[in-house]
Amino acid sequence: MSSRPSDRARIVTWNVNSVRARLDLVDRFLLEHRPDVLCLQEIKVQTDLFPRSWFEERGYRHQAVHGQRNHHGVATVSRLPLTEVSSRDWCEKGDARHVAARLPGGVMLHNFYVPAGGDEPDRDSNPRFAHKLDFLDEMIAWSRELSEPSIMVGDLNVAPLERDVWSHRQLLKVVSHTPPETERMEAMRAAHDWVDVMRHFVSADEPLYSWWSYRSKDWRKSNRGRRLDHVWVSPVLQGGLKAMQVFDDARSWERPSDHAPVIVDLDLPVG
DNA sequence: ATGGTTGGGGGCCAA
């Protein structure tokens with residue numbers, strides 16, 4: 001473990017698929033990688049049952065939690081101060097799918113969990129898919145209005161590029177890689193000129209995944225992955241990007257999440 | 001074409 005300058009931050013996004021079921025894995029991850037900020041999705045716990053003191057004991061005493069019973073839920077826990085914590089009700093569904101907080105230096109950090117969209121990629125017959133497309137449309141409009149330096153992370157449940165899935169052709173009609181979804185991702189990216197941080201470090205020619213289904217016997221051998229998790233930054237932050245890693249070892253830990261943590265090191269503006 | 005697995009919450013649904 002090496003020390004980093006004070007303006008260098010390590011930010012991680014990880015869909016943990018239930019934070020309470022995954023505390024041992026989170027513990028191991030925090031010890032091995034020492035993120036400054038950990039953005040979790042699918043915490044699957046209501047806000048007042050989030051394990052706040054557990055994270056405080058490990059140094060993550062700044063917390064922005066937006067949870068609900070059963071499903072969804074996001075939480076950002078940090079060793080750096082978080083101010084102006086807020087969340088927005090996307091699509092007026094009352095779902096806990098977003099939480100925002102301001103980092104030292106003034107950058108806003110947005111943590112998202114976009115609807116998965118169900119199985120059938122048809123908005124007329126599948127209300128879950130319609131909800132997903134509407135949610136992405138709201139994010140496009142939001143990105144267009146965004147003026148301040150921002151970091152957006154989370155499980156966006158879309159693999160936008162051809163090499164973000166194990167087979168572009170075979171997944172064109174599979175929810176997460178259909179044209180209505182991937183076109184919206186590109187429209188969203190263009191609306192703020194977002195920098196796709198993972199692809200800043202790994203060429204679009206190279207396969208790059210962050211999720212592997214539970215339903216494959218040997219996920220690493222078959223490697224039928226998808227890049228559903230993302231880190232995007234405002235153009236002004238691009239020069240500060242230092243490193244990125246999909247920590248897929250965590251996918252092989254005991255009782256894993258089906259998503260791997262995405263680790264990004266970057267220099268934040270000095271406040 | 002199908003089934004494969006997981007977590008939450010209570011006896012299936014969402015992913």
Side-chain angles (χ1 to χ4, degrees), chain A residues 13-29 39-51 54 65-75 90-91 93-98 111-123 125-136 153-160 164-167 169-178 180-182 184-185 209-230 246 248-262:
Chain A
T13 181
W14 193 9
N15 177 326
V16 282
N17 186 16
S18 170
V19 68
R20 291 176 295 183
R22 231 59 80 185
L23 280 182
D24 288 348
L25 276 69
V26 173
D27 200 23
R28 181 173 172 185
F29 180 80
C39 300
L40 301 170
Q41 301 88 34
E42 277 205 274
I43 60 174
K44 290 186 171 178
V45 64
Q46 62 197 60
T47 302
D48 60 356
L49 294 179
F50 183 81
W54 189 94
V65 183
H66 188 200
Q68 65 181 88
R69 256 174 79 86
N70 296 1
H71 300 304
H72 322 318
V74 291
W90 300 75
C91 297
K93 297 275 278 189
D95 287 348
R97 295 185 178 276
H98 166 250
N111 178 1
F112 279 95
Y113 176 55
V114 170
D119 290 330
E120 188 63 36
D122 177 72
R123 75 171 305 147
S125 65
N126 176 7
R128 297 183 190 287
F129 192 67
H131 179 214
K132 183 179 196 174
L133 298 184
D134 291 347
F135 197 106
L136 293 170
V153 308
D155 177 4
L156 305 188
N157 265 315
V158 182
D164 291 339
V165 293
W166 62 274
S167 168
R169 283 176 55 200
Q170 289 184 251
L171 278 120
L172 271 171
K173 292 180 178 172
V174 174
V175 172
S176 73
H177 194 62
T178 67
E181 296 167 273
T182 59
R184 279 168 172 82
M185 285 287 279
Y209 313 138
S210 64
W211 173 91
W212 294 262
S213 171
Y214 284 126
R215 299 173 192 178
S216 64
K217 288 192 186 351
D218 187 340
W219 72 275
R220 213 189 267 283
K221 187 180 173 196
S222 60
N223 198 22
R224 294 187 168 187
R226 305 179 202 170
R227 186 168 72 107
L228 304 180
D229 303 277
H230 298 271
V246 179
D248 57 11
D249 283 5
R251 183 64 181 77
S252 288
W253 290 351
E254 195 178 346
R255 287 187 72 213
S257 168
D258 45 356
H259 294 254
V262 180

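Note: hydrogens, waters and symmetry copies are ignored here, and every other heavy atom, side chains too, is used. Residue numbering restarts at 1 for every chain, and letters A, B, ... go by the order of the sequence lines.
- A cation-pi geometry, defined here as NZ or CZ lying under 6.0 Å from the six-membered ring centre and within 45° of its normal, holds between A:Arg224 and A:Trp166.
- Straight-line distance from the CD1 atom of A:Ile43 to the P atom of B:dA15: 16 Å, rounded to whole Å.
- Taking only side-chain atoms of A:Arg69, from C-beta outward, the nucleotide of B:dA15, B:dG10, B:dT5 with the closest atom is B:dG10.
- Of the candidates B:dT6, B:dG9, B:dA14, the closest approach to any side-chain atom of A:Arg128 belongs to B:dA14.
- Atom CD of A:Glu120 and atom P of B:dC13 are 18 Å apart (whole Å).
- Taking for each of A:Ser216 and A:Glu42 the nucleotide of DNA chain B with the nearest heavy atom, the 5'-most of the two is the partner of A:Ser216.
- Between A:Tyr214 and A:Trp219, the gap from one ring centroid to the other reaches at least 6.0 Å.
- A:Phe112 and A:Trp90 have perpendicular rings, their planes meeting at more than 60° on a 0 to 90° scale where under 30° would count as parallel.
- Computed from coordinates, the A:Leu49 CG to B:dG7 C1' distance equals 16 Å when rounded to whole Å.
- Taking 4.0 angstrom as the limit, A:Arg224 places none of its side-chain polar atoms (N or O) nearer than this to OP1 or OP2 of B:dG4.
- Residue A:Asn70 places no side-chain N or O under 4.0 Å from the OP1 or OP2 atom of B:dG8.
- Look at CG on A:Asn17: it is 18 Å from P on B:dC13, rounded to the nearest Å.
- If you take CZ of A:Arg97 and P of B:dA15, they are 7 Å apart, rounded to a whole angstrom.
- Put simply, CZ on A:Arg22 is 12 Å from C1' on B:dG8, counting in whole angstrom units.
- When the C1' atom is used for both B:dA14 and B:dG9, the distance is 12 Å, rounded to whole Å.
- At B:dA15, none of the side-chain N or O atoms of A:Arg226 fall inside 4.0 Å of OP1 or OP2 (strictly under the cut-off).
- Taking atom C1' on both nucleotides, B:dG3 is separated from B:dG8 by 22 Å, rounded to a whole Å.
- Distance from the side chain of A:Arg20 is smallest to B:dG9 among B:dT5, B:dG9, B:dG7.
- Distances shown here put a side-chain N or O of A:Arg255 below 4.0 Å from the OP1 or OP2 atom of B:dG7.
- Counting non-hydrogen atoms of other residues, nucleotides and ligands closer than 6.0 Å to CG of A:Asp119 gives a total of 12 or fewer.
- Summarising the geometry, the separation between CD on A:Gln170 and P on B:dT2 is reported as 16 Å, rounded to the nearest angstrom.
- The gap from the P atom of B:dA1 to that of B:dT5 amounts to 22 Å, rounded to the nearest Å.
- Under the 30°/60° scheme for interplanar angles, the aromatic rings of A:Trp253 and A:Trp14 are found to stand perpendicular.
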